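Structure, as structure tokens:
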Amino acid sequence: MSKKINIRPCETKDKVVWRALYDGYATFYKTEMTDEMADRVWNWIQDPEHDLKCILAVCDHEIVGLAHYRPMLRPLRSCYVGYLDDIFVSPKARGLKVADALMAELKVICKENNWSVMRWLTADDNYRARGLYDRYAVKSHSNLYELKLED
């Protein structure tokens with residue numbers, strides 16, 4: 001694989017490869033990914049009216065990475081910012097700066113949308129990703145809480 005990486009929006013023709021990458025992402029986070037769940041996310045991505053967007057990293061005509069992002073309200077500042085839901089690079093493409101190319105494009109997307117910041121979460125023990133993120137962003141002092149609803 002060469003080191004030339006192109007970033008482009010996800011297209012309808014990309015579903016099979018997108019799904020393989022998304023399954024890899026789910027496996028990494030030990031999360032079940034059903035066909036129904038993946039189809040729902042795919043339909044959101046393909047709907048131009050939906051907030052969720054997807055960009056893909058292409059290296060030597062092969063899709064090797066993805067990022068899902070969307071606008072997020074920031075009421076205290078009365079503005080929108082970006083939110084990065086998912087970023088994943090195929091294991092065989094790691095070390096080729098694919099994630100760096102995705103992050104660089106996300107920065108462009110922020111500028112195009114007049115978002116002053118992009119936020120995301122990652123697992124505390126995801127050290128490889130955190131190494132990348134530390135090069136692009138500042139770790140916030142916030143703690144994440146989840147209000148779980150009982151069945």
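Note that this is a predicted model, so its numbers are computed, not measured.
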On a heavy-atom basis, the closest approach of Trp18 and Val41 is CZ2-CG1, 3.7 Å
Within this structure, what is the CG-CD distance for the pair Asn43 and Gln46, rounded to the nearest 0.5 Å? 8.0 Å
At their closest point, which heavy atom of Gly65 faces which heavy atom of Val98, and how far apart are they? CA-CG1, 4.4 Å
Evaluate the criterion side-chain contact (heavy atoms from CB on, under 4.5 Å) for residue pair Leu56 and Glu11; output intermediate values, then yes/no. CA-CA 9 Å; Leu56 300 173; Glu11 300 172 2; over 6 Å; no
If I compare all heavy atoms of Arg94 with all of Val89, which pair ends up nearest, and what's the gap? NH2-O, 2.8 Å
Using 4.0 Å as the upper bound for N to carboxylate O, is an ion pair formed by Arg8 and Asp14? yes
Spell out, yes or no, whether Phe88 and Leu121 are grouped together once hydrophobic residues are joined by side-chain heavy atoms under 4.5 Å, including indirect joins. no
Please determine whether residues Ile7 and Leu52 belong to a single hydrophobic cluster, defined as Ile, Leu, Val, Met, Phe, Trp and Tyr linked transitively by side-chain heavy-atom distances below 4.5 Å. no
Mind checking whether Tyr83 and Leu106 sit in one hydrophobic cluster, side chains of I, L, V, M, F, W, Y counted as touching below 4.5 Å? no
Ring-plane angle category for His68 and Tyr22, please: parallel below 30°, perpendicular beyond 60°, tilted otherwise. perpendicular
Chi angles and distances behind the side-chain contact (heavy atoms from CB on, under 4.5 Å) call for Val58, Val64: CA-CA 6 Å; Val58 182; Val64 294; over 6 Å; no
Just by modelled atom types, is the Gly131 backbone N or O under 3.5 Å from a matching donor or acceptor in the Asp134 side chain? no
Does any non-hydrogen side-chain atom of Lys4 lie less than 4.5 Å from one of Asp60? no
Donor-acceptor check, side chain of Asn113 to backbone of Ile109, threshold 3.5 angstrom: yes or no? yes
Indicate the ring-plane relationship of Trp44 and His50, choosing parallel, tilted or perpendicular according to the 30° and 60° boundaries. parallel
Interatomic distance, OH@Tyr133 vs CE@Met103, rounded to 0.5 Å, equals 6.5 Å
Could you grab the distance from atom SG of Cys54 to atom CD1 of Ile45, nearest 0.5 Å is fine? 4.5 Å
Euclidean distance, Met37 CE relative to Glu32 CD, rounded to 0.5 Å: 6.5 Å
State, without any angle test, whether Tyr29 and Thr122 hold a side-chain donor-acceptor pair at a distance under 3.5 Å. yes
Tell me the closest heavy-atom pair linking Ile55 and Tyr69, and the distance in Å. CG2-CE2, 4.0 Å
Hydrophobic cluster identity match, Val81 and Trp120, side-chain contacts under 4.5 Å: no
Do other residues, nucleotides or ligands put more than 12 heavy atoms under 6.0 Å from Lys97 NZ? no
One thing to verify: whether Glu62 and Lys92 come together as a salt bridge, which I'm taking to mean a side-chain N less than 4.0 angstrom from a carboxylate O. yes
Between Met33 and Ala26 the two heavy atoms that sit nearest each other are CB-CB, 3.8 Å
Rounded distance [0.5 Å steps], OG in Ser90 versus CD1 in Ile63: 11.5 Å
Minimum heavy-atom distance between Asp51 and Arg70, given as atom pair plus value: O-CB, 3.5 Å
Quiz question: by atom type and distance under 3.5 Å, do the side chains of Asn114 and Tyr80 form a donor-acceptor pair? no
Quick one: does Arg130's side chain have a donor or acceptor within less than 3.5 Å of a partner on Asp124's backbone? yes
Does Leu76 CG have over 12 foreign heavy atoms under 6.0 Å away? no
Identify whether Met72 and Leu84 are in the same connected component of the hydrophobic contact network (ILVMFWY, side-chain heavy atoms under 4.5 Å). no
Taking atom CZ as the centre, does Arg77 end up with more than 12 heavy-atom neighbours from other residues, nucleotides or ligands that are less than 6.0 angstrom away? no
Apply the test side-chain contact (heavy atoms from CB on, under 4.5 Å) to residues Leu21 and Tyr25: give CA-CA distance (whole Å), side-chain angles for both, the deciding distance (0.1 Å), then the verdict. CA-CA 6 Å; Leu21 286 169; Tyr25 180 77; over 6 Å; no
Would you mind checking if Arg119 and Asp85 are paired as a salt bridge, meaning a charged N to carboxylate O distance below 4.0 Å? no
Can you spot which of Val16, Asp23, Val17 makes a side chain to side chain contact (heavy atoms under 4.5 Å, CB included) with Arg19? Asp23
